[in-house]
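Being a predicted model, the structure only gives us computed values, none of them experimental. Below, chain A is the first sequence line, B the second, and so on; all start at residue 1.
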2 protein chains.
Amino acid sequence: MRADARRNYEKILATARVVFTERGTDSSLDEIAKRAGVGPGTLYRHFPTREALVDALMQDWTDRVASDADAAIATDAPAPAMLLDWFEHFIEHITLHRGAATKICAAMDDPASPMYRKCRVMGEANRRVIEHLDERGELRPGVDPANVMRLVSGVASVADTSRAAIEVRPMLEVVVDGIVRA
Amino acid sequence: MRADARRNYEKILATARVVFTERGTDSSLDEIAKRAGVGPGTLYRHFPTREALVDALMQDWTDRVASDADAAIATDAPAPAMLLDWFEHFIEHITLHRGAATKICAAMDDPASPMYRKCRVMGEANRRVIEHLDERGELRPGVDPANVMRLVSGVASVADTSRAAIEVRPMLEVVVDGIVRA
DNA sequence: ACCTGAACACCGTTCAAGT
DNA sequence: ACCTGAACACCGTTCAAGT
C-alpha cells in the first residue's frame, strides 16, 4: 500500500470512529469523507460498502469480546452471575456505536456480509462460555450457543434501536434463567 | 373527508400493503405513490411519515394479536406450550411485512411515534397473557410483562432482519424457560 | 496506483399552481 | 379542500481527468 493511500485509509477510519460515536453507524458517508478531507471516491476505494467500514472498526470490540470470554470462563462465580456479566459486557461492546448491534444481527447469519468473519469470532467466544457452562453441568439441555448469541444480540439491538434508555438487565435475567439448568 | 380524498387514502393504503408485502416496510414511498396513481404530495398529506403509513396497516395485526391473547388465556394447555404458541403467533403477525418488527421495537418505548398506541394495545394483550400465568402461579417471580414484550419483539426483529431463514422456536424456548416458574 | 470532484440516480419533502 | 407535479436537498455511487 502506497504511503498516501495508507494515510488516507487511517484518516478515514479515525474520522468514521468519531462520526459513528457522535451519530451512529448510519451517518452520512459523505460527511465522513468531507471531515476526513478526502473525496467520496477515496472512501469508496478503501471501503466499498458501509459494512466494510463498520467491519474495520469492529476489530477493537471483537478483541475485547474474546478476552471477556476468557475472563468469564476463568472466574468461579456462580453460573447466573457469570453469564449476566458476560452478556452485559458483550452488549456494551456491540452497542458502542448506535446501529451496530442491528447490523451485527443481520451479518451474523449472512456469510456474504463483510462483517461475517468478525461475527463468527464473537460467536466462537460465546460458544466457549456456554460450553464451559455445559461442562460444569449447569446448562439446560438443548440450548444451542448460536441461538444464545442471536438472543443476546437481539436484546442489544432492541436497546440500541430504542429512543428510550432501556435496561438490558431484566431481559438478560430472563435469558439467563432460560439457559441455566433449573 | 371528501370523497376523492377518501378514495386516494384507500388506494394508497391498498398499494402500500402490496408493496410492503413485496419489498418490506422500507420500500420507496415514491413508488407507492406512483403505483397508487397519486402525486407524492398526496401521499404526504395523508401519511406525513413512513411510520404513519405502517401504523395504518398495523390495525389488522393488532386485532389478531388481541384475539390471540384471548385464545391463549382461554386454553388449558400447560404454561410452556401455551406461551410458545402465543409468542409464535405474535411474531408471525408482526413480521408480516419485512422491517415491521424492528420498527415496532423502536416505537414500543417512544410515545412520540405514530405507532405507539397500537404497540400499547399489543403490549396490553401480552400483559394479559403473562398476568394470567401469574394468577395460575406459574410465573417466575420478578418477570415484567413489558420486558417479555421487548424480548419477544427482539426475537422477531432478529429473525426479520436476517437474510437467512432463522428458526424462532429455539430462541422462544429459552425465553419460555426463563419465564415459567421452575 | 491513487486521488479528486463533477455527474448521475434515487428518494424524501415542500410548495406554488390548479381544480 | 384537495390534488398535481415541478423543484429542492441529500446521499450513495461512478468515473473521467489528473498526479
**Student:** What verdict does the side-chain hydrogen bond (donor to acceptor under 3.5 Å, both in side chains) test give for B:Asp60 and B:His93, after you've listed the backbone C-alpha separation in whole Å, the side-chain angles of each residue and the deciding distance to 0.1 Å?
**Tutor:** CA-CA 9 Å; B:Asp60 295 355; B:His93 295 319; over 6 Å; no

**Student:** Sequence neighbours excluded, which residues qualify as side chain to side chain contact (heavy atoms under 4.5 Å, CB included) partners of B:Ala56?
**Tutor:**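 Residues passing side chain to side chain contact (heavy atoms under 4.5 Å, CB included) with B:Ala56: B:Tyr9, B:Leu13, B:Phe47.
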
**Student:** Assigning hydrophobic clusters by single linkage (Ile, Leu, Val, Met, Phe, Trp, Tyr; side-chain heavy-atom cutoff under 4.5 Å), is A:Val158 placed with B:Met115?
**Tutor:**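 Cluster IDs for A:Val158 and B:Met115 differ.
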
**Student:** With sequence neighbours left out, what residues match A:Tyr116 under ring-ring contact (aromatic ring centres under 6.0 Å, His included)?
**Tutor:**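 If we apply the ring-ring contact (aromatic ring centres under 6.0 Å, His included) test to A:Tyr116, skipping adjacent residues, there are no hits.
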
**Student:** Sort out for me which residue in A:Asp110, A:Asp55, A:Asp26 forms a salt bridge (Lys or Arg N to Asp or Glu O under 4.0 Å) with A:Lys103.
**Tutor:**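 Testing A:Lys103 for a salt bridge (Lys or Arg N to Asp or Glu O under 4.0 Å) against A:Asp110, A:Asp55, A:Asp26 leaves exactly one candidate, A:Asp26.
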
**Student:** Working to the nearest 0.5 angstrom, can you tell me the gap between A:Leu57 CG and A:His97 NE2?
**Tutor:**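 So the CG of A:Leu57 and the NE2 of A:His97 are separated by 5.5 Å.
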
**Student:** Distance-only check: which donor-acceptor pairs under 3.5 Å involve side-chain atoms of residues 70-78 of chain B, not counting sequence neighbours?
**Tutor:**
from: B:Asp70; atom 1: OD1; to: B:Arg128; atom 2: NH2; distance (Å): 2.4
from: B:Thr75; atom 1: OG1; to: B:Ala77; atom 2: N; distance (Å): 3.3

**Student:** With the 4.5 Å side-chain cut-off for hydrophobic clustering, are A:Leu139 and A:Leu84 part of the same group?
**Tutor:**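 Looking at the clustering, A:Leu84 is in the same group as A:Leu139.
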
**Student:** Distance from A:Arg35 atom CZ to A:Ile12 atom CD1, nearest 0.5 Å?
**Tutor:**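 These two atoms lie 14.0 Å from each other.
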
**Student:** Between C:dC3 and A:His46, is there an OP1 or OP2 to side-chain N/O distance shorter than 4.0 Å?
**Tutor:**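 Checking C:dC3 against A:His46, a side-chain N or O does come within under 4.0 Å of OP1 or OP2.
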
**Student:** Specify the residues of residues 47-58 of chain A, ordered by number, for which at least one heavy atom lies under 4.0 angstrom from an atom of DNA chain D.
**Tutor:**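 Here the set is A:Arg50.
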
**Student:** Using a cut-off of under 3.5 Å, enumerate the N/O to N/O pairs linking the protein to nucleotides 15-18 of chain D.
**Tutor:**
none

**Student:** Holding to salt bridge (Lys or Arg N to Asp or Glu O under 4.0 Å), I want the full list of residues that pass it with B:Lys11, two or more places apart in sequence or in another chain.
**Tutor:**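 Residues passing salt bridge (Lys or Arg N to Asp or Glu O under 4.0 Å) with B:Lys11: none at all.
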
**Student:** Could you list by number each residue of residues 4-14 of chain B showing a heavy-atom separation from DNA chain D of less than 4.0 Å, or answer none if no residue does?
**Tutor:**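 The answer is B:Asp4, B:Ala5, B:Asn8.
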
**Student:** Distance check, rounded to the nearest 0.5 Å: A:Asp177 atom CG versus B:Arg181 atom CZ?
**Tutor:**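 Taking CG in A:Asp177 and CZ in B:Arg181, the distance rounds to 12.0 Å.
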
**Student:** Expressed as a whole number of angstroms, how long is the span from B:Arg45:CZ to D:dA1:P?
**Tutor:**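 It is 9 Å, rounded to the nearest whole Å.
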
**Student:** If you take any heavy atom closer than 4.0 Å to DNA chain C, which residues from residues 19-37 of chain B end up in contact?
**Tutor:**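 Contacts with DNA chain C under 4.0 Å: B:Ser27, B:Ser28, B:Leu29, B:Asp30.
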
**Student:** For residues 146-157 of chain A, please give each side-chain donor-acceptor pair under 3.5 Å, one per line with the distance, not counting sequence neighbours.
**Tutor:**
from: A:Asn147; atom 1: OD1; to: A:Arg150; atom 2: NH1; distance (Å): 2.7
from: A:Arg150; atom 1: NE; to: A:Asp109; atom 2: OD1; distance (Å): 3.4
from: A:Arg150; atom 1: NE; to: A:Asp109; atom 2: OD2; distance (Å): 3.0
from: A:Arg150; atom 1: NH2; to: A:Asp109; atom 2: OD1; distance (Å): 2.9
from: A:Ser153; atom 1: OG; to: A:Met149; atom 2: O; distance (Å): 2.7
from: A:Ser157; atom 1: OG; to: A:Thr102; atom 2: OG1; distance (Å): 3.0

**Student:** Got a sec, which residues hit salt bridge (Lys or Arg N to Asp or Glu O under 4.0 Å) with A:Asp144, two or more places apart in sequence or on another chain?
**Tutor:**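 Residues passing salt bridge (Lys or Arg N to Asp or Glu O under 4.0 Å) with A:Asp144: none at all.
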
**Student:** Rounded to the nearest 0.5 Å, what separation is found between the CZ atom of A:Arg17 and the CG atom of A:Leu96?
**Tutor:**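 Going from CZ on A:Arg17 over to CG on A:Leu96, the span is 9.5 Å.
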
**Student:** According to the Watson-Crick and G-U wobble definition with distances under 3.5 Å, which dot-bracket string, read 5' to 3', encodes DNA chain D, using [ ] for crossing pairs and | for pairs with another strand?
**Tutor:** ||.|||||...|||||.||

**Student:** Rounded to whole angstroms, how far apart are CZ on A:Arg2 and P on C:dC3?
**Tutor:**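 After rounding, the gap between these two atoms is 7 Å.
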
**Student:** List the residues meeting side chain to side chain contact (heavy atoms under 4.5 Å, CB included) with A:Ala33, not counting sequence neighbours, and say none if there are none.
**Tutor:**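 Listed in chain order: A:Val38, A:Leu43.
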
